[in-house]
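Sequence positions, counted from 1, serve as the residue numbers for this chain. Keep in mind it's a predicted model, so treat the numbers as computed, not measured.
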Amino acid sequence: MTNNTELSPKKKLGFIGARGMVGRVLLERMREEDDFRFFETFFFSTSQVGQAAPPESHDQKLRDAHSLDELSEMDVIVTCQGGDYTLALHPSLRAHGWKGVWVDAASALRMNKDSCLVLDPLNKDLIKESLEKGVVDYVGSNCTVSLMLLALAGPLKAGVIEWVNSHTYQAASGGGAAHMRELLKGMGFLYERHKDLIDDERGDILKLDQLISKDLRENNDFPSEKFGAPLAANLLPWIDSAVNDGQTREEWKAMVEANKILGLNNTLGVDGTCVRVGALRSHSQALTIKLKKPMGAEEFSALLKDSHEWLEFVENNKEETLRELTPAAASGTLRIKVGRVRALKMAPDFMNVFTVGDQLLWGAAEPLRRFLRQYVNH
Ligand code: NAP
């Protein structure tokens with residue numbers, strides 16, 4: 001292993017999708033950690049070619065994200081542009097003879113047998129082995145999967161978990177910027193239409209409920225194009241498309257990606273229901289954990305705490321839970337919050353856990369940023 005950060009010429013980094021949500025968070029994190037000093041960076045866009053590039057750029061202008069020749073000059077490409085872009089460009093670029101390292105936030109390449117999923121607090125050694133073996137495609141995993149594994153890192157390392165039943169409470173931002181706006185517009189839509197009754201403390205609450213329910217069910221003007229149904233004052237227990245056996249794609253990802261990250265052969269069972277809720281940013285999950293042997297909540301909590309520096313353990317009481325274990329408390333931070341830990345009543349080998357984390361940071365941008373560091377240092 002060599003530390004080439006000081007000795008070798010800087011690697012050329014192509015950054016695609018810096019104005020999207022994940023891209024902006026990645027850009028900010030790389031600035032905060034001074035990561036651009038390791039690279040000669042070029043920014044690419046699919047729609048704003050020739051416009052001003054961020055100040056870290058080697059060029060002043062955005063390059064063309066569809067130009068195979070320009071992309072081929074890069075040693076490493078990080079893309080936050082989305083799956084359609086990856087599916088369109090990645091095969092053509094490889095066919096064009098490009099042998100550089102491709103780093104991706106989208107799901108398109110995750111289950112390719114030659115790709116490596118990156119979540120270094122859990123699989124740093126697997127990433128290292130992959131770099132040494134010459135693997136060239138590295139992908140961030142699904143946001144809920146990364147956040148769940150980071151929450152359970154201690155017990156997973158101790159090998160005490162048999163399976164996990166996960167029920168998610170996923171924020172609007174998981175869909176992208178337009179989805180966040182649609183949630184907020186939905187809230188405003190309801191308030192504007194019914195503000196007299198909402199503001200009247202002595203008004204008829206059942207009448208208000210009837211009017212709002214009617215809007216949610218029947219009003220074609222309710223902003224719902226992005227989610228396919230009203231999200232404000234509602235929840236949607238379906239995310240993404242259908243796969244087999246009644247699962248949604250989001251639910252299917254949990255087990256296959258978790259096992260791939262951990263280098264397991266589907267020996268860790270993970271399944272549950274993925275639900276979109278009216279949180280703005282940060283995903284939450286309620287986990288029912290089947291342990292390999294009975295264990296008290298205190299012993300299990302000790303394993304949770306003994307994991308990594310980003311884990312924040314929240315004591316199982318009302319005050320701390322309401323203050324700390326919420327999407328509002330987690331958003332914009334790298335904290336992986338874990339709480340509501342207690343043994344379930346029905347059997348001594350079942351544990352209850354609630355976790356929340358920012359899905360744009362640890363759920364998307366941060367594993368990619370940390371991979372880039374590992375890549376320059378390997
Ligand atoms: P996004 O905000 O929609 O951005 C994607 C691209 O859309 C941008 O790079 C930009 O490309 C283009 N775009 C068009 N109009 C835009 C506008 N008004 N503002 C900003 N960008 C605009 O998508 P994202 O949420 O960052 O997701 C990117 C990828 O990461 C997807 O594959 C997603 O599945 C994955 N991911 C997302 C999350 C999440 O929580 N959102 C989590 C994990 C993984 P040009 O500049 O080239 O036009």
Side-chain angles (χ1 to χ4, degrees), residues 1-44 53-59 63 65 71-82 85-86 89-90 93 98-110 114-141 143 146 150 261 308-310 334 358-378:
M1 175 170 144
T2 55
N3 183 331
N4 65 11
T5 54
E6 304 300 334
L7 304 174
S8 315
K10 287 182 181 178
K11 299 279 188 197
K12 286 188 173 179
L13 168 67
F15 192 135
I16 302 161
R19 89 182 167 111
M21 277 210 308
V22 175
R24 280 175 54 194
V25 172
L26 177 60
L27 182 64
E28 283 305 320
R29 283 294 296 140
M30 289 183 72
R31 280 177 181 157
E32 281 166 20
E33 300 293 336
D34 203 10
D35 290 333
F36 287 107
R37 73 184 190 276
F38 299 118
F39 300 100
E40 196 178 313
T41 306
F42 301 82
F43 289 83
F44 292 76
E56 292 77 9
S57 180
H58 191 74
D59 289 345
R63 290 189 172 197
L71 291 168
S72 292
E73 290 169 23
M74 303 296 122
D75 298 301
V76 52
I77 288 172
V78 62
T79 168
C80 307
Q81 187 63 28
Y85 175 80
T86 299
L89 262 292
H90 178 271
L93 195 57
W98 185 67
K99 299 209 165 35
V101 166
W102 178 275
V103 188
D104 206 328
S107 64
L109 305 179
R110 280 186 198 143
D114 296 327
S115 69
C116 173
L117 297 188
V118 294
L119 188 63
D120 73 288
L122 276 296
N123 70 352
K124 192 168 191 166
D125 291 345
L126 191 71
I127 298 171
K128 181 168 174 269
E129 264 171 49
S130 302
L131 283 165
E132 281 163 4
K133 276 197 318 211
V135 170
V136 285
D137 294 329
Y138 295 84
V139 191
S141 70
C143 40
S146 296
L150 285 161
I261 289 168
H308 49 74
E309 63 192 275
W310 301 279
L334 286 164
D358 187 316
Q359 99 283 0
L360 288 168
L361 281 162
W362 267 121
E366 191 66 4
L368 304 186
R369 187 194 75 73
R370 293 176 62 85
F371 168 75
L372 289 171
R373 272 292 185 99
Q374 199 173 339
Y375 162 75
V376 287
N377 283 319
H378 92 278

- Note on the structure: dist Glu28:CD -> Arg24:CZ (nearest 0.5 Å) comes out at 8.0 Å
- Query: Can you check side chain to side chain contact (heavy atoms under 4.5 Å, CB included) on Asp137 and Asp114, steps first, answer last?
  - Reply: CA-CA 7 Å; Asp137 294 329; Asp114 296 327; 5.7 Å; no
- Message: Quick one, Leu89 with Leu71, criterion side chain to side chain contact (heavy atoms under 4.5 Å, CB included). Give me CA distance, side-chain angles, the key distance, then yes/no.
- Response: CA-CA 10 Å; Leu89 262 292; Leu71 291 168; 3.8 Å; yes
- Give, for atom SG of Cys143 and atom CG of Leu361, the distance between the pair rounded to the nearest 0.5 Å. 12.0 Å
- Message: If I take atom CG from residue Leu126 and atom CG from residue Leu119, how far apart are they, to the nearest 0.5 angstrom?
- Response: 11.0 Å
- Message: How long is the straight-line distance from OG of Ser130 back to NZ of Lys133, given to the nearest 0.5 Å?
- Response: 5.5 Å
- With side chains defined as the heavy atoms from C-beta onward, is the minimum distance between Val25 and Arg369 less than 4.5 Å? no
- When rounded to the nearest 0.5 angstrom, what is the spacing between OG1 in Thr41 and CZ in Phe36? 5.5 Å
- Does the pair Glu56 and Phe43 meet the rule for a side chain to side chain contact (heavy atoms under 4.5 Å, CB included), with working shown? CA-CA 9 Å; Glu56 292 77 9; Phe43 289 83; 4.3 Å; yes
- Query: Given side chains that start at C-beta, do those of Leu26 and Val78 come closer than 4.5 Å, heavy atoms only?
  - Reply: yes
- Task: Taking all heavy atoms of Gly140 and all of Leu368, pick out the closest pair and write down the distance.
- Result: N-CD2, 3.6 Å
- So, Asp104 and Thr79: side-chain donor and acceptor under 3.5 Å apart, yes or no? no
- Item | Ionic contact status for Lys12 with Asp75, cut-off 4.0 Å | no
- Query: Hey, is Glu132 close enough to Lys128 for a salt bridge, meaning N to O under 4.0 Å?
  - Reply: yes
- Task: Report the C-alpha separation of Lys11 and Glu40 in whole Å, then their side-chain angles, then the decisive distance to 0.1 Å, and conclude whether the salt bridge (Lys or Arg N to Asp or Glu O under 4.0 Å) test is met.
- Result: CA-CA 6 Å; Lys11 299 279 188 197; Glu40 196 178 313; over 6 Å; no
- Query: Taking C-beta and beyond as the side chain, do Lys10 and Phe39 meet within less than 4.5 Å on heavy atoms?
  - Reply: no
- Query: Taking all non-hydrogen atoms of both residues, which atom of Val136 and which atom of Gly100 are closest, and how far apart?
  - Reply: CB-O, 3.5 Å
- Could you tell me the separation between the CD atom of Gln81 and the CZ atom of Arg19, rounded to the nearest 0.5 Å? 8.5 Å
- Taking the side chain as every heavy atom from C-beta outward, state whether Cys80 and Met21 have any atom pair closer than 4.5 Å. no
- Item | Pairing of Arg29 and Glu33 as salt bridge, 4.0 angstrom limit | yes
- Ignoring hydrogens and geometry, is there a side-chain-to-backbone donor-acceptor pair from Arg37 to Asp34 under 3.5 Å? yes
- Does a donor on one side chain and an acceptor on the other come within less than 3.5 Å for Ser146 and Ser141? yes
- According to the interplanar angle, ranging from 0 to 90°, do the rings of Trp102 and Trp98 count as parallel (below 30°), tilted (30 to 60°) or perpendicular (above 60°)? perpendicular
- With no hydrogens and no angle check, is any side-chain donor or acceptor of Ser57 less than 3.5 Å from a backbone partner on Ala53? no
- Query: Taking side chain as C-beta onward, heavy atoms only, is Phe371 less than 4.5 Å from Asp120?
  - Reply: no
- Taking side chain as C-beta onward, heavy atoms only, is Phe42 less than 4.5 Å from Met74? yes
- Do you know the tightest heavy-atom contact between Phe15 and Leu27? CZ-N, 4.1 Å
- Message: Do Val139 and Cys116 have side chains that approach each other closer than 4.5 Å (heavy atoms only, starting at C-beta)?
- Response: no
- Item | Verdict with reasoning, Met30 to Leu13, per side chain to side chain contact (heavy atoms under 4.5 Å, CB included) | CA-CA 12 Å; Met30 289 183 72; Leu13 168 67; 4.0 Å; yes
- Query: Side chain of Asn123, backbone of Leu117: donor and acceptor closer than 3.5 Å?
  - Reply: yes
- Message: With a 4.5 Å cut-off on side-chain heavy atoms, are Ile16 and Ile77 touching?
- Response: yes
- Is a side-chain donor or acceptor of Ser115 paired with a backbone partner of Tyr138 at a separation under 3.5 angstrom? no
